[in-house]
Amino acid sequence: MLTVVNHPLAKVHVTALRDASLGPERFRHHLLQLSRIMAYPVFSHLATAKVEVFTPLGVVAEGHGLTSQAVLVPILRAGLGMVEGFIDLIPGMVVSHLGMYRDETTLIPQRYYSNFPKRCQQWPVFVLDPMLATGGSAVDAIDYLKGEGASQVVLVSVIAAQPGIERVFLRHPEVPIYTAAVDEKLNSDGYILPGLGDAGDRLFGTII
Ligand code: PRP
Ligand code: URA
């Protein structure tokens, strides 16, 4: 299932991120604000169970507690810019970094770091990567996580290109995708059009 987060403020932040004149500081700011807005719909299907608490009036109030912890999997580098928007919303959140870059010529993702803890296999896993372009990186990340035993994976992007969405659903049809914008196509170098450019470079100021 594809969910496009259509909150007006999400649209404003995506527009700001697309603006080529935005420097790294403001890029980080808008990506963080957008991540905060997206976190609530992304977490809206978390399972809860009934709990009871004593209020200061000495009576019991019935309420809800989360039934499990959760795992964030930011894909390096650009996914790092989304972590702060999600991390404090769930107690005991685990952050399992996944290092990956696209080979510039073949566009094939190269994995260079991973550390998914086995004890998290039954927890919901949220993959964070602002850009879903060809879908190669997302598919490889989900393949890896499933291979490590992850049972529920959700993909969170900021801009998702149509070919990338189709590729993820073809291989992992049950994985929900959340995004703030759907762009139609890619250029011949595999960049999303209109997109926002290279998210990692814009976030960290490494533009040549
Ligand atoms: C970007 C982006 C995704 C990937 C998307 O990372 O953050 O991980 O490209 O492209 P795909 O859908 O075609 O696989 P990049 O390889 O530029 O690495 P970086 O974040 O370290 O710059
Ligand atoms: N990776 C990016 O950072 N941007 C794109 O447009 C495509 C892949």
Side-chain angles (χ1 to χ4, degrees), residues 2 4 13-24 26-28 30-32 34-35 38 42 71-86 95-116 125-147 153-173 175-208:
L2 176 70
V4 181
H13 290 298
V14 172
T15 307
L17 290 169
R18 289 188 193 275
D19 184 344
S21 71
L22 201 73
R26 298 302 294 164
F27 191 91
R28 284 194 289 274
H30 288 289
L31 184 55
L32 169 58
L34 178 56
S35 302
M38 294 185 74
V42 165
V71 189
L72 297 179
V73 178
I75 301 194
L76 307 182
R77 297 171 294 162
L80 291 175
M82 300 174 73
V83 171
E84 201 182 327
F86 287 78
V95 182
S96 164
H97 298 88
L98 189 51
M100 212 179 254
Y101 68 91
R102 275 196 324 180
D103 180 288
E104 280 178 15
T105 352
T106 63
L107 302 183
I108 294 172
Q110 311 294 316
R111 212 184 300 151
Y112 58 84
Y113 180 78
S114 60
N115 71 348
F116 186 78
V125 175
F126 299 90
V127 177
L128 306 180
D129 190 336
M131 309 307 281
L132 176 58
T134 65
S137 304
V139 162
D140 190 72
I142 300 165
D143 283 349
Y144 161 74
L145 291 165
K146 285 187 176 176
V153 182
V154 174
L155 177 62
V156 188
S157 72
V158 163
I159 299 182
Q162 201 58 51
I165 296 169
E166 285 165 20
R167 185 158 167 191
V168 171
F169 283 150
L170 195 63
R171 176 139 178 123
H172 299 291
V175 170
I177 302 177
Y178 286 82
T179 192
V182 176
D183 283 6
E184 234 176 87
K185 54 185 179 192
L186 306 172
N187 72 9
S188 55
D189 295 323
Y191 280 89
I192 300 175
L193 290 175
L196 54 71
D198 186 305
D201 283 343
R202 295 199 60 199
L203 192 60
F204 295 112
T206 48
I207 297 167
I208 299 161

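Just so it is clear, the structure is predicted and the values come from calculations on it, not from any experiment. One-based numbering, in listed order, for ligands and for the atoms of each. Quick note: numbers below take in every heavy atom, side chains included, and nothing from hydrogens, waters or symmetry partners.
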Determine yes or no for a side-chain-to-main-chain donor-acceptor pair under 3.5 angstrom, with [X] supplying the side chain and [Y] the backbone.
X      : Y      : result
Asp19  : Ser21  : yes
Tyr144 : Phe116 : yes
Arg202 : Phe27  : no

- Task: For the residue pair Ser96 and Asn115, confirm or rule out a side-chain donor-acceptor distance under 3.5 Å.
- Result: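 A donor-acceptor contact under 3.5 Å links the two side chains.
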- Message: How about CD on Gln110, more than 12 heavy atoms from neighbouring residues, nucleotides or ligands closer than 6.0 Å, or not?
- Response: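 Yes, because the 6.0 Å sphere around CD of Gln110 holds more than 12 heavy atoms from other groups.
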- Atom NZ of Lys146 with >12 non-hydrogen neighbours under 6.0 angstrom: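 Yes, NZ of Lys146 has more than 12 neighbouring heavy atoms, counting only those of other groups under 6.0 Å.
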- Working to the nearest 0.5 Å, report the span between NE2 of His30 and CG of Leu22.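 The NE2 atom of His30 sits 5.5 Å away from the CG atom of Leu22.
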- Pairwise distance CG(Asp198) to CZ(Arg102) - rounded to 0.5 angstrom: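 Taking CG in Asp198 and CZ in Arg102, the distance rounds to 8.0 Å.
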- Message: Give the atom numbers and elements of ligand 1 that come within less than 4.0 Å of a heavy atom of Gly136.
- Response: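 With Gly136 as reference, the close atoms of ligand 1 come out as 12 (O), 14 (O).
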- Considering only heavy atoms of Met131, which atoms of ligand 1 have at least one such atom less than 4.0 Å away?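 Checking each atom against Met131, I get 2 (C), 3 (C), 5 (C).
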- Item | side-chain contact (heavy atoms from CB on, under 4.5 Å) partner of Val127, the single match among Val154, Ile75, Ile177, Val175 |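 In the set Val154, Ile75, Ile177, Val175, the residue that makes a side-chain contact (heavy atoms from CB on, under 4.5 Å) with Val127 is Ile75.
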- Query: Which of these passes side-chain contact (heavy atoms from CB on, under 4.5 Å) with Thr179: Leu132, Leu2, Val158?
  - Reply: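 For Thr179, the side-chain contact (heavy atoms from CB on, under 4.5 Å) check succeeds only for Leu2.
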Protein contact to [atom] [nearest heavy atom, distance to 0.1 Å]:
atom                    : answer
atom 2 (C) of ligand 1  : Asp129 OD1, 3.4 Å
atom 13 (O) of ligand 1 : Thr134 OG1, 2.5 Å
atom 10 (O) of ligand 1 : Arg102 CD, 3.3 Å
atom 20 (O) of ligand 1 : Arg77 N, 3.0 Å
atom 17 (O) of ligand 1 : Asp198 OD2, 3.7 Å

- Item | Structural part of Ala199 in contact with ligand 1, heavy atom criterion under 4.0 angstrom |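 None of Ala199 does.
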- N/O to N/O below 3.5 Å, does that happen between Leu132 and ligand 1?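 No, Leu132 has no N/O under 3.5 Å of an N/O on ligand 1.
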- Taking N or O atoms only and a 3.5 Å limit, does Ser137 qualify as a polar contact for ligand 1?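 Ser137 vs ligand 1: N/O contact under 3.5 Å present.
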- Task: Return yes when at least one protein heavy atom is under 4.0 Å from atom 6 (O) of ligand 1, and no when none is.
- Result: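 Within 4.0 Å of atom 6 (O) of ligand 1, no protein heavy atoms are found.
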- Task: Compute the minimum heavy-atom distance from Pro109 to ligand 1 and say whether it is under 4.0 Å.
- Result: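 For ligand 1, residue contact (heavy atoms, under 4.0 Å) with Pro109 is absent.
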- For ligand 2, would you mind listing the residues that have at least one heavy atom less than 4.0 Å away, ordered by chain and number?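 Within 4.0 Å of ligand 2, protein side: Arg102, Met131, Ala133, Gly190, Tyr191, Ile192, Gly197, Asp198, Ala199.
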- Are any of the side-chain heavy atoms of Asp201 and Arg77 separated by less than 4.5 Å?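 Touching, per the 4.5 Å side-chain cut-off.
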- Query: Got a salt bridge between Arg111 and Asp143, using NZ or NE/NH1/NH2 to carboxylate O under 4.0 Å?
  - Reply: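 The answer is no: the pair does not qualify as a salt bridge.
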